[in-house]
Amino acid sequence: MPQKNKGFTTGEFARLCGVSKHTLFHYDEIGIFSPALRGENGYRYYAPAQIEVFNVIAALKELGMSLSEIRSYLDRRSPEALLDLLDREQAALTQKLARLGRIRRLIGRRAELTRRALALIPGRVELEEQGERWYVITPAAGITDQEKYVHVMARHLEYCDAHGVDSPYALGALMPTDAARREDWDGYTSCYTQVDRPPAGAELFTAPAGRYLTYCHAGSFDTVREGYRRLLAYADENALRLGPWILEDVLLDELCCKGYDQYLLKLSVPVLGEI
């Protein structure tokens with residue numbers, strides 16, 4: 001309880017507001033928030049009505065306003081200025097919450113995809129039933145050349161940003177099946193970003209639902225060539241007729257792996273039937 005006819009001491013007021021006494025001393029020193037009364041002994045005392053004022057200051061600081069901006073408002077405070085400030089901060093908070101909501105969804109989806117990747121067994125060719133999938137795609141001939149790849153990747157990311165693409169998937173690449181058979185490792189035609197929902201106005205590549213021959217490779221982009229060989233050898237041995245392209249997806253990358261040689265890549269090619 002506040003002392004009779006004085007108010008809350010600095011320690012009492014700090015506990016009520018959930019801050020340290022040092023914060024109150026600092027705010028007093030810079031002229032943002034001062035005690036209602038100073039005793040003859042030099043002690044500071046805060047009035048109960050000041051709790052609401054401090055809570056608003058704390059909320060504005062939490063929203064990202066600097067102490068100098070808060071002081072500037074307090075120097076010219078009025079009911080009209082308060083309404084203008086609250087309206088602006090409410091609009092900014094609505095936008096921030098929308099951004100945080102997107103980030104939360106992306107983080108959750110990335111965690112889900114990482115758990116799925118950890119459950120896979122590398123080095124095994126398998127037949128899978130897969131649903132329809134969508135990819136925002138950018139032509140990328142010759143992406144094995146590092147300089148070209150940098151330019152293509154920048155162009156692709158700019159395109160995704162312009163079309164509001166928020167994706168938890170890593171960048172992938174499209175390899176024609178014939179090029180893989182010829183072991184033309186410069187034969188990639190496109191890079192892509194998989195999306196869970198087709199974004200409006202973006203150029204898309206659609207992988208239809210159906211049977212896919214897949215191979216998970218633990219290693220680098222250079223050693224994944226062995227994965228292509230195993231995938232195609234399995235198809236030949238089992239007389240499978242393959243589609244015209246192979247998806248090369250990165251499931252685990254630099255975000256969780258210490259080096260390119262520890263990546264987890266997945267190759268997927270549609271199976272059209274038997275020969």
Side-chain angles (χ1 to χ4, degrees), residues 1-115 157-158 160-170 193 195-197 199-201 253-256 258:
M1 294 291 293
Q3 296 189 29
K4 187 177 181 180
N5 299 327
K6 288 188 176 180
F8 297 105
T9 65
T10 302
E12 290 169 338
F13 195 82
R15 284 193 294 274
L16 283 171
C17 296
V19 296
S20 68
K21 291 195 295 182
H22 174 75
T23 297
L24 294 178
F25 293 151
H26 179 59
Y27 284 8
D28 186 16
E29 289 171 4
I30 63 176
I32 283 185
F33 186 75
S34 298
L37 176 68
R38 293 180 191 273
E40 293 179 0
N41 54 7
Y43 285 3
R44 297 170 170 88
Y45 295 97
Y46 294 84
Q50 288 186 281
I51 294 176
E52 181 182 358
V53 177
F54 184 86
N55 286 338
V56 171
I57 291 173
L60 294 175
K61 188 172 182 296
E62 182 69 22
L63 290 173
M65 283 188 69
S66 68
L67 293 180
S68 62
E69 289 173 322
I70 295 173
R71 185 172 58 238
S72 175
Y73 160 72
L74 293 173
D75 289 343
R76 55 179 178 79
R77 74 186 83 175
S78 70
E80 294 76 16
L82 177 62
L83 284 175
D84 180 64
L85 174 67
L86 295 179
D87 287 343
R88 283 189 287 107
E89 291 303 319
Q90 185 177 34
L93 182 58
T94 299
Q95 293 180 348
K96 184 176 182 179
L97 288 174
R99 290 195 301 273
L100 290 175
R102 290 196 298 271
I103 293 171
R104 181 182 180 183
R105 289 191 295 273
L106 284 173
I107 288 175
R109 190 76 173 96
R110 186 63 184 255
E112 178 187 350
L113 294 172
T114 301
R115 290 190 182 95
L157 294 177
E158 288 172 1
C160 288
D161 184 62
H163 289 81
V165 175
D166 288 324
S167 175
Y169 299 92
T193 297
V195 290
D196 289 327
R197 295 185 185 86
D253 58 13
E254 201 75 18
L255 193 61
C256 58
K258 294 181 179 179

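For reference, positions follow the sequence shown, starting with 1.
Of all heavy-atom pairs between Ala14 and Ser20, the closest is CB-C, 4.0 Å.
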Donor-acceptor contacts, no H, no angles, side chain residues 97-107, under 3.5 Å, sequence neighbours left out:
none

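Once rounded to the nearest 0.5 Å, the distance linking CG of Leu37 with CD of Gln50 reads 10.0 Å. The distance from the OH atom of Tyr73 to the OG atom of Ser78 is 6.5 Å, given to the nearest 0.5 Å. Note: Ile32 CD1 to Leu74 CG = 7.0 Å, rounded to the nearest 0.5 Å. The CG atom of Leu93 sits 11.5 Å away from the CG atom of Leu86 when rounded to the nearest 0.5 Å. Put simply, OG on Ser72 and CG on Leu67 are 12.5 Å apart, with the number rounded to the nearest 0.5 Å. The line from NE2 of His26 to CD of Glu29 is 7.5 Å long, rounded to the nearest 0.5 Å.
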Does the pair Tyr169 and Arg110 meet the rule for a side-chain hydrogen bond (donor to acceptor under 3.5 Å, both in side chains), with working shown?
CA-CA 7 Å; Tyr169 299 92; Arg110 186 63 184 255; over 6 Å; no
Please step through side chain to side chain contact (heavy atoms under 4.5 Å, CB included) for the pair Val19 and Phe13, ending with a clear verdict.
CA-CA 9 Å; Val19 296; Phe13 195 82; over 6 Å; no
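Taking 4.5 Å as the limit, every side-chain heavy atom of Thr114 sits out of range of all side-chain heavy atoms of Leu255. With contacts defined as side-chain heavy-atom distances shorter than 4.5 Å, the pair Asp196/Pro168 qualifies. At least one side-chain heavy atom of Tyr46 sits under 4.5 Å from a side-chain heavy atom of Thr10.
Ring pair Phe54/Phe33: centre-to-centre distance below 6.0 Å.
Partners of Asp28 by salt bridge (charged side-chain N to carboxylate O under 4.0 Å, His left out), not counting sequence neighbours, listed by chain and number: Arg38, Arg44. Partners of Glu89 according to the salt bridge (charged side-chain N to carboxylate O under 4.0 Å, His left out) rule, which considers only residues two or more places apart in sequence or in another chain, do not exist here. Residues meeting the ring-ring contact (aromatic ring centres under 6.0 Å, His included) test with His163, sequence neighbours left out: Tyr159.
Listed by first and then second residue, the salt bridge (charged side-chain N to carboxylate O under 4.0 Å, His left out) pairs involving residues 65-85 are Asp84-Arg88 (not counting sequence neighbours). Listed by first and then second residue, the side-chain hydrogen bond (donor to acceptor under 3.5 Å, both in side chains) pairs that reach into residues 54-64 come to none, sequence neighbours excluded.
Between Arg115 and Glu112, none of the side-chain N atoms (NZ, or NE/NH1/NH2) sits under 4.0 Å from a carboxylate O, so this pair counts as no salt bridge.
Formation of a donor-acceptor pair under 3.5 Å by the Glu12 side chain with backbone atoms of Thr9 is found in this model.
For Tyr43, the OH atom is loosely surrounded, since the number of other residues' heavy atoms within 6.0 Å does not exceed 12.
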